[in-house]
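These notes concern the structure reproduced below.
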There are 2 protein chains.
Amino acid sequence: MKPAQATEQDFADLLARHDVQVTRQRLEVLRELAVEPNDATAQTLWKRLRERSGATIGLATVYRTLSLLSEKRVVDTLAHNEGELCYRLCGETHHHHLVCANCHRVIEIDEQGLSDWLERVFAKHDFLATAHTVELTGLCSDCRK
Amino acid sequence: MKPAQATEQDFADLLARHDVQVTRQRLEVLRELAVEPNDATAQTLWKRLRERSGATIGLATVYRTLSLLSEKRVVDTLAHNEGELCYRLCGETHHHHLVCANCHRVIEIDEQGLSDWLERVFAKHDFLATAHTVELTGLCSDCRK
DNA sequence: GTGATAACGAGAATCATTCTCACCGCAATC
DNA sequence: GATTGCGGTGAGAATGATTCTCGTTATCAC
C-alpha cells in the first residue's frame, strides 16, 4: 500500500475501509504522503500540493485531513520535531519508529521483544496499559560515512 | 533531592553541580518544581510563581530557565500533552515515564530489560544510537476504582 | 567597588495549528 | 430538472505556546 504506484482507486478504498468519505482533497493528501518515503509536516505537504500543478487546497483542509486520517489510524503522527507534528503513511499494524537524526530517514520497527518488557512494567506498577510510544533516534550507516 | 524539604542551599548546589549560574529566579523555578509531584507546563509554573507572594518573574525567564535546565539535564521534559511541553524535576539517572491517563500521576521507570531490546534494534538496522524516548500511558489503580 | 558579562522583564513577534463563516458539490427528494 | 440539506472546503482571522528584542539589572572575577 505504501508504494507510490498505488492508484487513485487504492486510495479511495483505503479511505472507505476506514469510514472516511472520499474527496478530491483527501485523495491528494494521500497521494502526496505516499510519495514521501519518510515523514512530512502539514506545512510541507501543503506547500508541495500547492506547487504541484497549482492544486488549490487550503492549509486548514490539510490539517483537517491529517487529523482525521490520524484519528482513523490511516496515518501515524511522529513528534520527534519538537514544536510541530510529522505525518506518515504507515503499515496498519502497531509499530514504532527509528529515525535518523541527520537525514530523517524513518524505519518502522515491530514490537518483537518489547511487549514482554511493557507488560512487566505495567503490571509491576499496577497500571492498566492504554498506550505507549517509543521513538528511537540514531545515525544511519550512510550518515556516518 | 525530589522532596519539598530541600533547602535553598540544596537547589543552589544542584545548579552549581550542573554548571548553571545561580539566580533568584532559577531558585524559584526549582522550588516550584520540587513542590509539584508530577509535571507542570511553563505557563502553569509561571502563574503559580506569580500568585505565590506576587513574585515578579517574567514568562520568558521561566521558559529560558526550563530550557536551560533541560539542556543541563536537571529537569526532564515530557511531551505527552501534544502542543505544549511538561517539565519535571527528576532523578539524575536515565529513565522513562509511566503516566496515568486520568490523574497524570508520573512514575519513573528504569531501563531494566529495555536496553537489550534497544541494542538489538539499533544493531539490526545499523544505526548508531543517539537517543530514545519511551512514554507509557495507562490507568493507575486508584483511577480504575 | 568596578567593569564585563550573563540574566531579566515586558511586550512584541513568530509560527504551527485551529476556528469562523460564506460558499460549493453532491445526494436524496420533490 | 429544480430544491434542499449537509458535510467538506478555502481564505483569512484568531489562538496559544514559545521565542525574540532591547533596555535594565544582577552576578562574579578582579
Side-chain angles (χ1 to χ4, degrees), chain A residues 8 11-12 15-16 18-32 39-72 74-75 77-88, chain B residues 8-9 11-32 39-72 74-75 77-88:
Chain A
E8 207 79 338
F11 291 134
L15 289 178
H18 288 267
D19 297 315
V20 177
Q21 189 173 315
V22 178
T23 70
R24 174 178 62 83
Q25 289 85 346
R26 288 173 186 172
L27 289 174
E28 281 180 9
V29 169
L30 273 184
R31 189 174 341 121
E32 201 59 48
D39 56 10
T41 64
Q43 305 274 343
T44 305
L45 288 170
W46 177 65
K47 283 190 200 109
R48 288 190 195 156
L49 284 168
R50 282 266 153 154
E51 284 162 13
R52 146 200 312 289
S53 70
T56 99
I57 187 171
L59 178 57
T61 300
V62 174
Y63 274 103
R64 275 187 293 238
T65 301
L66 290 172
S67 137
L68 177 66
L69 293 182
S70 169
E71 185 189 323
K72 298 290 189 176
V74 181
V75 304
T77 71
L78 319 208
H80 60 93
N81 250 9
E82 195 106 329
E84 66 186 345
L85 293 174
C86 286
Y87 294 88
R88 175 180 157 86
Chain B
E8 205 78 338
Q9 192 53 50
F11 291 133
D13 288 348
L14 178 62
L15 289 177
R17 204 172 338 127
H18 288 266
D19 297 316
V20 176
Q21 186 174 314
V22 177
T23 70
R24 174 178 62 82
Q25 290 84 347
R26 288 174 185 171
L27 289 174
E28 281 179 11
V29 169
L30 273 184
R31 188 173 343 120
E32 200 60 48
D39 55 10
T41 65
Q43 304 275 345
T44 304
L45 288 170
W46 177 64
K47 283 191 200 108
R48 287 190 195 157
L49 285 167
R50 283 267 152 155
E51 284 162 12
R52 149 202 309 290
S53 70
T56 101
I57 186 171
L59 178 56
T61 300
V62 174
Y63 273 101
R64 274 187 295 236
T65 301
L66 289 172
S67 137
L68 175 68
L69 293 182
S70 168
E71 185 189 324
K72 298 291 189 176
V74 180
V75 303
T77 71
L78 318 208
H80 60 91
N81 252 10
E82 194 104 332
E84 65 186 345
L85 293 174
C86 287
Y87 295 88
R88 176 180 156 88

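In the text below, chain A, chain B and the rest are named by the order of the sequence lines, each starting its count at 1.
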Between CG of A:Asp19 and C1' of D:dG7 the distance, given in whole Å, is 15 Å
Interatomic distance, CD@B:Gln25 vs CG@B:Leu30, rounded to 0.5 Å, equals 12.0 Å
Just list the side-chain donor-acceptor pairs under 3.5 Å for residues 62-71 of chain B, sequence neighbours left out, or say none.
{"from": "B:Tyr63", "atom 1": "OH", "to": "B:Gln43", "atom 2": "NE2", "distance (Å)": "2.9"}
{"from": "B:Arg64", "atom 1": "NH2", "to": "B:Thr61", "atom 2": "OG1", "distance (Å)": "3.4"}
{"from": "B:Thr65", "atom 1": "OG1", "to": "B:Thr61", "atom 2": "O", "distance (Å)": "2.7"}

Enumerate the protein-to-nucleotides 15-20 of chain C contacts in which both atoms are nitrogen or oxygen and the separation is below 3.5 Å.
{"from": "C:dT17", "atom 1": "OP1", "to": "A:Leu85", "atom 2": "N", "distance (Å)": "2.9"}
{"from": "C:dT17", "atom 1": "OP2", "to": "A:Tyr63", "atom 2": "OH", "distance (Å)": "2.4"}
{"from": "C:dT17", "atom 1": "O5'", "to": "A:Tyr63", "atom 2": "OH", "distance (Å)": "3.3"}

Calculate the interatomic distance between B:Leu45 atom CG and D:dT18 atom P; express it in whole Å.
11 Å
Yes or no on side chain to side chain contact (heavy atoms under 4.5 Å, CB included) for A:Glu8 and A:Leu27, after CA distance, side-chain angles and deciding distance?
CA-CA 7 Å; A:Glu8 207 79 338; A:Leu27 289 174; 4.1 Å; yes
Begin with the C-alpha distance, continue with both residues' side-chain angles, and end with the deciding distance and a verdict on side chain to side chain contact (heavy atoms under 4.5 Å, CB included) for A:Tyr87 and A:Thr41.
CA-CA 6 Å; A:Tyr87 294 88; A:Thr41 64; over 6 Å; no
B:Glu28: which of B:Glu32, B:Arg26, B:Arg24 passes side-chain contact (heavy atoms from CB on, under 4.5 Å):
B:Arg24
How long is the line joining CZ of B:Arg24 and P of D:dT27, in whole Å?
9 Å
Distance check needed: D:dA26 P versus B:Gln25 CD, whole Å only.
9 Å
Nearest-Å distance, CZ (B:Arg26) to P (C:dA6)?
11 Å
Does B:Gln21 or A:Val62 map to a spot on DNA chain D nearer the 5' end, using the closest nucleotide for each?
A:Val62
Distance below 4.0 Å between B:Thr23 side-chain N/O and C:dA7 OP1 or OP2:
no
SG (B:Cys86) and CG (B:Leu78) are apart, to the nearest 0.5 Å, by 6.0 Å
Integer-rounded Å distance: C:dC8 P and B:Arg50 CZ
14 Å
Taken to the nearest whole Å, CG/A:Leu15 to C1'/D:dG7 is 15 Å
Rounded to whole angstrom units, what separation is found between the CD atom of A:Glu28 and the P atom of D:dG10?
9 Å
